[in-house]
Amino acid sequence: MRIGYPCINRTVECKGDRTFRLKSYSESRLVATVTDNLNCLLKMLQFNTAHDILFFRITSDLVPFASHPICQFDWQQAFLNRFQEIGEFTRSHYMRLSMHPDQFTLINSVDERVFETSVRELIYHATTLDSMGLDCSAKIQIHLGGVYGDKRKSMHRFVQRFHHLPERIKGRLVIENDDRNYTLNDCMTVYDAIGIPVVLDVFHHEVNGSGETLSQAFHRFVKTWTEEDGLPIVHYSSQRTGSRRGSHAESIDLRDFHSFLEKTKPFDFDVMLEIKDKEKSAVKAVKTAMHDDRFLRFKTE
DNA sequence: CCCTGTCAAGTCACG
DNA sequence: CGTGACTTGACAGGG
């Protein structure tokens with residue numbers, strides 16, 4: 001079991017997701033920003049290993065406008081050395097990286113053009129992980145997408161479109177149950193069609209479930225992961241007390257997390273904490289998991 | 001320097 | 001049909 005958090009670390013003094021306005025795009029601006037972002041990414045990874053945090057999501061803002069037509073710059077080549085250093089650091093610490101394109105990436109959109117821009121965006125994400133020399137356990141995680149008034153058809157469209165994706169995207173792509181539209185059961189249906197691993201978001205499963213208990217959900221989704229996909233990925237977050245159902249808590253509830261660890265035995269998996277205060281909660285979670293065999297086994301590896 | 005409207009992209013709920 | 005939420009900060013231009 002690895003424990004991780006997404007994208008941002010407020011303890012290190014740098015920012016790894018700096019961007020700029022499209023209107024102020026220039027090659028030199030891009031180079032300067034990406035240089036800073038990569039430097040900061042390495043700093044965050046160093047922070048993580050120092051705190052036994054071995055799972056991390058890279059921000060999609062790492063290379064601003066990477067998939068936009070305005071960007072004609074060969075950033076992959078220009079930063080290849082830096083990417084490889086970061087990949088080497090990651091591998092040598094048995095760390096796992098992932099990425100999560102934002103809500104504009106829609107494989108199943110009814111609009112063909114939206115699908116095409118989504119493919120460009122996925123190519124950017126895959127290129128980033130490829131450049132670091134990471135194996136297929138470094139996943140790109142998305143949701144199934146919109147419903148467009150007909151869920152069954154929209155799921156079918158996802159399956160059809162998946163077949164048209166480049167292999168290097170297919171090998172990294174995983175789907176996650178969301179809090180409104182697609183449940184774990186829906187993801188499993190898509191898995192049955194194309195064999196794509198399913199990320200279980202336990203919070204979304206509580207808010208928008210398909211009837212399974214936590215244990216039943218684990219039994220189902222774990223089977224979608226093969227050896228080369230790496231350990232199954234779980235997203236964990238907690239409800240912000242007194243706030244809208246579905247909104248994320250400011251900081252981790254350690255009693256709930258402890259109980260989550262107990263309830264999910266003996267399954268082994270990597271857990272991404274989707275909590276507002278990011279690395280602070282991750283540090284706490286690591287302390288809580290310190291006596292868990294699944295976590296220890298990994299730490300001493 | 002400070003303030004604040006706005007920021008690449010889509011979908012859905014709501015009025 | 002138009003607007004805000006999703007989620008949030010900070011870019012960038014104007015005062």
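Every chain is numbered from 1, with letters handed out A, B, ... down the list of sequences.
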Note to self: Does either side chain, that of A:Ser137 or that of A:Asp135, offer a donor lying less than 3.5 Å from an acceptor on the other one?
What the structure shows: yes
Next item on the list: For A:His125 and A:Ser60, test the side chains for any donor-to-acceptor distance below 3.5 angstrom and give the result as yes or no.
Entry: yes
Check: Which heavy-atom pair separates A:Lys170 from A:His163 by the least distance, and what is that distance?
Finding: NZ-O, 3.3 Å
Indicate whether OP1 or OP2 belonging to [N] is found under 4.0 Å from a side-chain N or O atom of [X].
X	N	answer
A:Ser109	B:dT11	yes
A:Ser67	B:dA9	no
A:Lys15	C:dA10	yes
A:Arg29	C:dC11	no
A:Lys276	C:dT8	yes

Could you measure between the two [atom1] atoms, the one in [N] and the one in [M], and give it in whole Å?
N	M	atom1	answer
C:dG9	B:dT11	P	26 Å
B:dC3	C:dT7	C1'	22 Å
C:dC6	B:dT4	P	24 Å
C:dG2	B:dA8	P	22 Å
C:dA5	B:dG5	P	15 Å
C:dA12	B:dA9	P	16 Å
C:dT8	C:dG4	C1'	15 Å

Expressed in angstrom and rounded to an integer, what is the separation of [X] atom [atom1] from [N] atom [atom2]?
X	N	atom1	atom2	value
A:Tyr25	B:dA8	OH	C1'	13 Å
A:Leu22	C:dC11	CG	P	16 Å
A:Asp277	C:dT8	CG	P	11 Å
A:Phe203	C:dC6	CZ	P	12 Å
A:Ile107	B:dT11	CD1	P	13 Å
A:Glu176	C:dC6	CD	C1'	14 Å
A:Asn37	C:dA10	CG	C1'	13 Å
A:Leu106	B:dG10	CG	C1'	6 Å

Notebook entry, point to check: So what does A:Tyr148 hit on the nucleic acid, given a heavy-atom distance under 4.0 Å: a base, only sugar-phosphate, or nothing?
Noted result: sugar-phosphate
Margin query: Does A:Arg180 reach a base, just sugar-phosphate, or nothing at all? Heavy atoms under 4.0 Å.
Written below: sugar-phosphate
Margin query: Evaluate A:Glu212 against A:Arg220 for salt bridge (charged side-chain N to carboxylate O under 4.0 Å, His left out), listing each step before the verdict.
Written below: CA-CA 9 Å; A:Glu212 306 89 342; A:Arg220 292 195 78 187; 2.9 Å; yes
Which listed nucleotide ([options]) is nearest to the side chain of [X]?
X	options	answer
A:Arg10	C:dG9, B:dG10, B:dA8	C:dG9
A:Phe20	B:dA8, B:dT11, C:dC11	C:dC11
A:Phe104	B:dA9, B:dT11, B:dG5	B:dA9

Notebook entry, point to check: Which base sits across from B:dT4 as a Watson-Crick or G-U pair, both distances under 3.5 Å?
Noted result: C:dA12
Checklist line | Watson-Crick or G-U wobble partner of C:dC1, both distances under 3.5 Å | finding: B:dG15
Note to self: Would you call the rings of A:Phe83 and A:Phe79 parallel, tilted or perpendicular, taking 30° and 60° as the class edges?
What the structure shows: perpendicular
Next item on the list: Nearest-nucleotide wise, let me know which of A:Lys23 and A:Gln103 is further upstream toward the 5' end of DNA chain C.
Entry: A:Gln103
Next item on the list: Start with the C-alpha distance between A:Ile196 and A:Thr224, add both sets of side-chain angles, then the distance that settles side-chain contact (heavy atoms from CB on, under 4.5 Å), and finish with yes or no.
Entry: CA-CA 7 Å; A:Ile196 181 176; A:Thr224 66; over 6 Å; no
Check: Counting only N and O atoms by type, is there a donor-acceptor contact under 3.5 Å from the side chain of A:Thr189 to the main-chain atoms of A:Asn185?
Finding: yes
